Amino acid sequence: MKAHKSYHAYLIESLKDPKEAAAYLDVVFEDGTPEEISLALKNVAEARREIAGSSQEPNADWGNCYQLLNRSEIPALPTLLTLLSELGLKLSVTAKQEQPV
């Protein structure tokens with residue numbers, strides 16, 4: 001019998017892949033509420049922290065990321081850009097699909 005794995009554990013494991021993390025945040029940024037965006041950023045930070053914790057990198061300190069995300073509001077743009085950079089990601093902008101006039 002296969003051991004049961006929680007959705008959260010599955011999500012965190014999948015977010016260890018930078019491409020998965022970027023796609024996840026892209027969807028949440030597009031359609032999510034501020035609370036959902038904050039939770040998504042926390043999930044990605046948790047995944048990255050697990051990677052850093054399992055590596056031998058002496059400078060892998062994710063305390064700053066968690067400190068920024070434990071606030072109740074979404075970080076301001078400069079802080080968000082710094083946070084994404086710490087997570088190995090970057091922010092980009094794309095045009096919406098053309099709307100009929």
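Here the structure is a predicted model, which means the values were calculated and not measured.
Among all heavy-atom pairs drawn from L89 and P18, the shortest one is CD2-O, 3.9 Å. Considering all non-hydrogen atoms of both residues, E20 and S14 come closest at CB-O, 3.2 Å. Across all non-hydrogen atoms, the minimal contact from K16 to R48 is O-NH1, 3.9 Å. Contact record, I37 with G32: CD1-O, 3.9 Å, taken as the closest heavy-atom pair.
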Decide yes or no on side chain to side chain contact (heavy atoms under 4.5 Å, CB included) for N43 and H8, but give the supporting numbers first.
CA-CA 9 Å; N43 288 336; H8 183 74; 3.4 Å; yes

Stepwise side chain to side chain contact (heavy atoms under 4.5 Å, CB included) check, K42 with E46:
CA-CA 6 Å; K42 287 178 186 178; E46 181 177 342; over 6 Å; no

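Once rounded to the nearest 0.5 Å, the distance linking CZ of F29 with OG of S92 reads 10.0 Å. Rounding to the nearest 0.5 Å places OG1 of T82 at 9.5 Å from CG of L77. Put simply, CG on L87 and CG on L25 are 8.0 Å apart, with the number rounded to the nearest 0.5 Å.
Connection of L84 to I12 is not established within any shared hydrophobic cluster, with ILVMFWY side chains joined at heavy-atom distances below 4.5 Å, either directly or through further cluster members. By the criterion of side-chain heavy atoms lying less than 4.5 angstrom apart, applied directly or through intervening Ile, Leu, Val, Met, Phe, Trp or Tyr residues, V27 is not grouped with L41; the two fall into different hydrophobic clusters. One hydrophobic cluster, built from ILVMFWY side chains closer than 4.5 Å, cannot hold both L39 and L80; they sit in different ones.
Panel note: side chain E50, backbone A47; no donor-acceptor pair is recorded below 3.5 Å.
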